[in-house]
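Step one of this worksheet: look at the structure below.
In what follows, chains are A, B, ... by sequence order, proteins preceding strands, each numbered from 1.
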Amino acid sequence: MSAGALPGFRDFYPESFSQRSWLFDRWRHAARGFGFQEYDGPPLEPLDLYTKKSGDEIVGQLYNFEDKGGRAVALRPEMTPTVARMVASKANALRKPVRWFSMPQLFRYERQQKGRLREHFQLNVDIFGEADVSADAELLAVACTVMRDCGLGPDDVKARVSDRRLLSAILRGLGVPDEALSAAFGAVDKIEREDQVALVKRFTTAGVSEEVAVKALAMVRASDFDALRRDFAGHAEVEEALTRFDEYRALLTAHGVIDYLQLDLSIVRGLAYYTGIVFELFDAKGEFRAICGGGRYDNLLQALGGVDMPALGFGMGDVVLGELLKARGKMPLGSADVDVWVAPVTAEFRRSAVEVATALRRVGARVETPLRDQSLGKQMKAANAAGARSIVFVGEGLRDRGEVEWKDLRGTEGTQTVIPLARLTDAVKAALAATP
RNA sequence: GUGGCUGUAGCUCAACUGGUUAGAGCACCGGACUGUGGCUCCGGGGGUUGGGGGUUCAAGUCCCCUCAGUCACCCCA
């Protein structure tokens, strides 16, 4: 084995590069469809941009080093601090709400495992300056639209959605004291990973009774909207959160993505900076890690940039999504693809063939010609291997009468027509338009 | 950072309880085939058996270390 790429890093050969491009096209198309504008920032940032937000422990998971000017720097592990800085420093000049997206390559120094490498591309979609629930609905709609554009419907992918305000209200309504809320969130976050005994213990350690703990866990597991409405009738805080959620659902219906929605109060998104509606996208069979995660983080800009502005966003990586698309047969194969192969029938027509190829390229065709003398049989094979849709034979006909032979390579018995060179370019152009 | 499993050609895999020069299919290149493709046939290139050390008359095979892959833990931006 020769030395390959560094652990957790990928070589993109043409086949996988074209799959990557296919995915990027869908990301970009979906985000732009909602009026989001694309931006980018530096891949290398000051280290303290990340330690300020996440503490020094984060350094163990970063690609960081000292540059030649003695600055402590790191390859970006996430986009949020960068975009927060960019928005904060021009906050007053930007039309609100700010709808931005980016497709950065991100890095983390971690042992790789399924769906997690040391480098990946991530679609980042953010909205700044809008506190209304309509922004939350639009954000999820973008994520679901990406799924749909990739051929993944509500039967393939579920958006598990919770609201931290709703969860807090329920917990408080059950009698969990404020100082135990953080521990309770921690327990809810582990609901799929730890057994009941361990989960209950997280509550009791924080001073919550076992009875309340059991009840809270059951409610989170059920995540039953109607039951919550009944159980907490008259409880203002819960009702307010439920009303907000009703509006959220109505808007998702209007966006045409309601079928993806699945209320799931166990979605907490770590113990990070989220403040409102949070969500994660999963494949319906549960074979993969989360495809996408995000939510509302109204206090983050204040903490990072000193600007008080509500914000929400999500990140969607290319690795898990790519694995899912391949597993479901939704990812195109990424085979080679040219429109026309121009074949000199003998060596003496090499230059004529190049001239014909040049004329075809000028009308937008992807054209390949052989770089050395080859028999026609060889060229036919090569043209097929190159994925060419048609082949143009350049020989005596062009020299004597200004004509070439144009043959369709698709199908088993391609039709072949004699056509004046002057008309070939238009014919190829028309064929291109007909079969995109 | 911790632990389990796995490393033979570009890919998928063979090679008896340790025993000759590590094989096959696919892929690639060439030929049959210098005016017409997918097929077929023939040939060719390609390996430090991941690397290093050890045991043995003899190691792809057994042992140790290391590297890499993979899965889980931790963490999740």
note: E405(A), atom CD; G37(B), atom P; distance rounded to Å ~ 14 Å
Any residue meeting salt bridge (charged side-chain N to carboxylate O under 4.0 Å, His left out) with R423(A), in chain and number order, not counting sequence neighbours: none
Write down the distance between CH2 (W341(A)) and P (G38(B)), rounded to a whole number of angstrom. 14 Å
Could you check whether L106(A) gets within reach of a base, just the sugar-phosphate, or nothing at all, counting any heavy atom under 4.0 Å? nothing
Under the rule for salt bridge (charged side-chain N to carboxylate O under 4.0 Å, His left out), what residues qualify as partners of E15(A), not counting sequence neighbours? none
Intermediate values then yes/no, side-chain contact (heavy atoms from CB on, under 4.5 Å), F101(A) and L123(A): CA-CA 7 Å; F101(A) 79 98; L123(A) 171 65; 3.9 Å; yes
So, is K190(A) close to the C75(B) phosphate, meaning a side-chain N or O under 4.0 Å from OP1 or OP2? yes
Taking atom C1' in both C62(B) and G46(B), compute the distance separating them and give it to the nearest angstrom. 30 Å
Here the gap from L106(A) atom CG to H120(A) atom NE2, rounded to the nearest 0.5 Å, amounts to 4.5 Å
Taking atom P in both U40(B) and A27(B), what distance in whole Å separates the two? 9 Å
Specify the separation, in whole Å, of atom CD of E110(A) and atom P of C74(B). 12 Å
Which residues in residues 373-380 of chain A have a heavy atom closer than 4.0 Å to any atom of RNA chain B? S375(A), L376(A), K378(A), M380(A)
For Y39(A), the ring pair (Phe, Tyr, Trp, His ring centres under 6.0 Å) test, sequence neighbours excluded, returns W100(A)
Measuring only the P atom in each nucleotide, how far is U8(B) from U48(B)? A whole number of Å is fine. 12 Å
Measure the distance from OH on Y50(A) to C1' on A77(B) and round it to the nearest whole Å. 10 Å
Presence of donor-acceptor pair under 3.5 Å, side chain of R116(A) and base of C76(B): yes
To the nearest angstrom, how far is L409(A) atom CG from G38(B) atom P? 11 Å
Can the ring centres of F24(A) and F121(A) be said to be less than 6.0 Å apart? yes
Please report the distance, rounded to the nearest Å, between CG in L123(A) and P in A77(B). 16 Å
Side chain R193(A) and base C74(B) donor-acceptor under 3.5 Å: no
Using the ring pair (Phe, Tyr, Trp, His ring centres under 6.0 Å) criterion, which residues pair with Y109(A)? Sequence neighbours excluded. Y63(A)
Determine the interatomic distance between C1' on G51(B) and the same-named atom on G7(B); round to the nearest Å. 12 Å
Taking only residues two or more places apart in sequence or in another chain, which ones pass ring pair (Phe, Tyr, Trp, His ring centres under 6.0 Å) with F282(A)? none
Show which side-chain atoms of residues 144-152 of chain A pair as donor or acceptor with protein atoms under 3.5 Å away, not counting sequence neighbours.
unit_1, atom_1, unit_2, atom_2, d
T145(A), OG1, A141(A), O, 2.7
R148(A), NH1, G256(A), O, 2.8

Within this structure, what is the CD-to-P distance between E192(A) and A72(B), rounded to whole angstrom? 14 Å
Applying ring pair (Phe, Tyr, Trp, His ring centres under 6.0 Å), name anything that partners W341(A), two or more places apart in sequence or on another chain. none
Looking only at atom C1', what distance separates A68(B) and G23(B), rounded to whole Å? 25 Å
Side-chain (R289(A)) to main-chain (K114(A)) donor-acceptor, under 3.5 angstrom: yes
Would you give a per-nucleotide map of nucleotides 66-71 of chain B, 5' to 3', where B means the base has a protein non-hydrogen atom under 4.0 Å away, S means only the sugar-phosphate does, and - means neither? --SSBS
First encountered from the 5' end of RNA chain B, between Q416(A) and A385(A): A385(A)
Based on Watson-Crick and G-U pairs with both distances under 3.5 Å, what dot-bracket line describes RNA chain B 5' to 3', crossing pairs as [ ] and inter-strand pairs as |? (((((((..((((.....[...)))).(((((.......))))).....(((((..]....))))))))))))....
Suppose we screen for side-chain hydrogen bond (donor to acceptor under 3.5 Å, both in side chains). Which residues come up paired with T82(A), at least two apart in sequence or across chains? E45(A)
Show me the side-chain donor-acceptor pairs of residues 87-95 of chain A shorter than 3.5 Å, one per line, residues at least two apart or across chains.
unit_1, atom_1, unit_2, atom_2, d
S89(A), OG, R85(A), O, 3.3
S89(A), OG, M86(A), O, 3.3

Separation between the C1' atoms of C41(B) and C33(B), rounded to whole Å: 12 Å
With sugar-phosphate meaning primed atoms plus P, OP1 and OP2, does R372(A) contact a base, only sugar-phosphate, or nothing at under 4.0 Å between heavy atoms? sugar-phosphate
Gap between atoms NZ and C1', on K381(A) and C39(B) respectively (whole Å): 9 Å
U49(B) to C71(B) separation - C1' atoms, rounded to the nearest Å: 25 Å
With C1' as the reference atom in both, quote the distance from A15(B) to A22(B) in angstrom, rounded to an integer. 7 Å
